[in-house]
Amino acid sequence: MPELPEVETVLRTLEHQIKGNEIVHIEVRYAKMIDAIDAQEFTKLLVHQHFIDFSRVGKYLIFGMNDVNLVVHLRMEGKFYIYQKDEDPYSKHAHIIFMLDDGRKLVYHDVRKFGRMYVYDKDVILYEQKAFQHVGYDAFDSHVDANYLYQQAKRRKTTLKQFLLDQSVMAGVGNIYADEIAFRSKLHPETKIYHLTKKDFEMILENTRIILQGAIKAGGTTIRSYTSSLGVDGKFQLQLKVHMKKGEACPTCGNSIDKIVVGGRGTYVCRTCQKRK
DNA sequence: CGCATTCCCTGGGTGC
DNA sequence: TGCACCCAGGGAATGC
């Protein structure tokens with residue numbers, strides 16, 4: 001599932017591939033992918049627009065076009081593929097096909113159909129729109145510091161894992177990296193956040209950025225081997241230490257990694273290294 | 001307001 | 001081999 005680092009990788013790859021290209025035609029094969037407007041309106045707003053700039057807040061991709069911003073959330077399994085002029089872009093899971101001015105197609109694939117696309121006029125303030133209603137500062141935003149996290153944590157009774165996953169506090173961390181961040185911080189994911197000090201949040205934030213930055217770097221190296229016909233899904237090669245490692249040895253102490261459920265999410269933890277505060 | 005629960009989807013896994 | 005069933009999971013909506 002794409003989290004901040006994968007979204008960043010997808011963005012950079014697409015920037016490299018389609019910056020400056022014009023959308024000449026759109027085929028919407030599954031309209032529920034689009035928020036608030038119908039397929040016809042979506043098409044009307046985007047045809048003849050050019051991909052100008054590429055940015056991101058948390059896990060949301062933002063394509064700046066001439067008159068509108070196209071916002072995309074990949075959720076669980078959303079992927080963009082670029083097909084060459086002579087390639088067949090159709091498949092069971094190809095839901096939206098953007099025909100480009102040079103004959104290539106940008107294709108949105110999504111097996112579970114959880115992804116969402118939003119189109120907003122450039123006249124409106126983007127971050128006040130529905131897509132960003134529950135999205136706080138990006139994890140790399142300078143507004144996010146130890147004091148901010150501490151203040152946010154004070155009034156919540158929730159666990160560290162759920163806090164890290166709460167996009168309204170800090171946007172970008174998903175299930176995989178939340179586990180890795182808790183592990184690197186030597187804190188049990190079920191730690192109640194009101195037990196944590198400002199100093200703890202300093203350490204947690206530092207680890208968050210190290211983990212995310214490391215994954216972006218790993219994605220960046222992977223992406224060089226991508227050819228245009230392969231999926232632009234931001235696969236990364238970062239060595240995960242606990243996530244999906246149930247029963248395997250903890251890289252620090254050698255004890256077996258447990259799988260538990262925290263806030264309804266599958267969670268991997270080393271009982272020995274990660275303490276409840 | 002916070003927090004828990006339900007829903008959206010489908011492939012993959014399990015059990016018979 | 002096939003069928004019924006259950007589950008994962010990000011985030012919005014709903015309920016308390």
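Values below: every heavy atom of this structure, side chains too, minus hydrogens, waters and symmetry copies.
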Select one nucleotide: of [options], the one nearest the side-chain heavy atoms of [X].
X        : options               : result
A:Thr158 : B:dC9, C:dG11, B:dC3  : B:dC3
A:Lys32  : B:dG11, B:dC8, C:dG10 : B:dC8
A:Arg265 : C:dA12, B:dT10, C:dG9 : C:dG9
A:Gln162 : C:dG9, B:dA4, B:dC9   : B:dA4

Report the relative orientation of the aromatic rings in [X] and [Y]; use parallel for angles under 30°, tilted for 30 to 60°, perpendicular for over 60°.
X        : Y        : answer
A:Phe98  : A:Phe51  : perpendicular
A:Phe132 : A:Tyr60  : tilted
A:Tyr81  : A:His109 : tilted
A:Tyr120 : A:Tyr118 : parallel

Interatomic distance, [X] [atom1] vs [N] [atom2] [rounded to whole Å]:
X        : N      : atom1 : atom2 : answer
A:Tyr268 : C:dG9  : OH    : C1'   : 12 Å
A:Met33  : C:dG11 : CE    : P     : 14 Å
A:Lys161 : B:dC3  : NZ    : C1'   : 18 Å
A:Arg75  : B:dC9  : CZ    : P     : 11 Å
A:Glu77  : B:dT10 : CD    : C1'   : 8 Å
A:Glu190 : B:dC3  : CD    : P     : 15 Å
A:Asp166 : B:dC3  : CG    : P     : 9 Å
A:Asn175 : C:dG11 : CG    : C1'   : 13 Å

Any side-chain N or O of [X] under 4.0 Å from OP1/OP2 of [N]?
X        : N      : result
A:Lys113 : B:dT10 : yes
A:His73  : C:dG11 : yes
A:Tyr60  : C:dG10 : no
A:Lys92  : B:dT10 : no
A:Lys130 : C:dA12 : no

Mind checking if [X] touches a base, just sugar-phosphate, or nothing, with heavy atoms under 4.0 Å?
X        : answer
A:Arg116 : nothing
A:Arg156 : sugar-phosphate
A:Gln167 : sugar-phosphate

*Quick one: on DNA chain C, does A:Arg112 or A:Ala131 contact a more 5' nucleotide (nearest heavy atom)?*
A:Arg112
*Using heavy atoms to find the nearest nucleotide of DNA chain C for A:Met244 and A:His134 separately, return the residue whose nucleotide is more 5′.*
A:Met244
*Test the A:Lys113-A:Tyr30 pair against the cation-pi criterion, namely NZ or CZ under 6.0 angstrom from the six-membered ring centroid and within 45° of the ring axis.*
yes
*Are the charged groups of A:Lys85 and A:Asp102 less than 4.0 angstrom apart, N to O?*
no
*Centroid distance under 5.5 Å and plane angle under 30°, A:Phe114 vs C:dG10*: yes
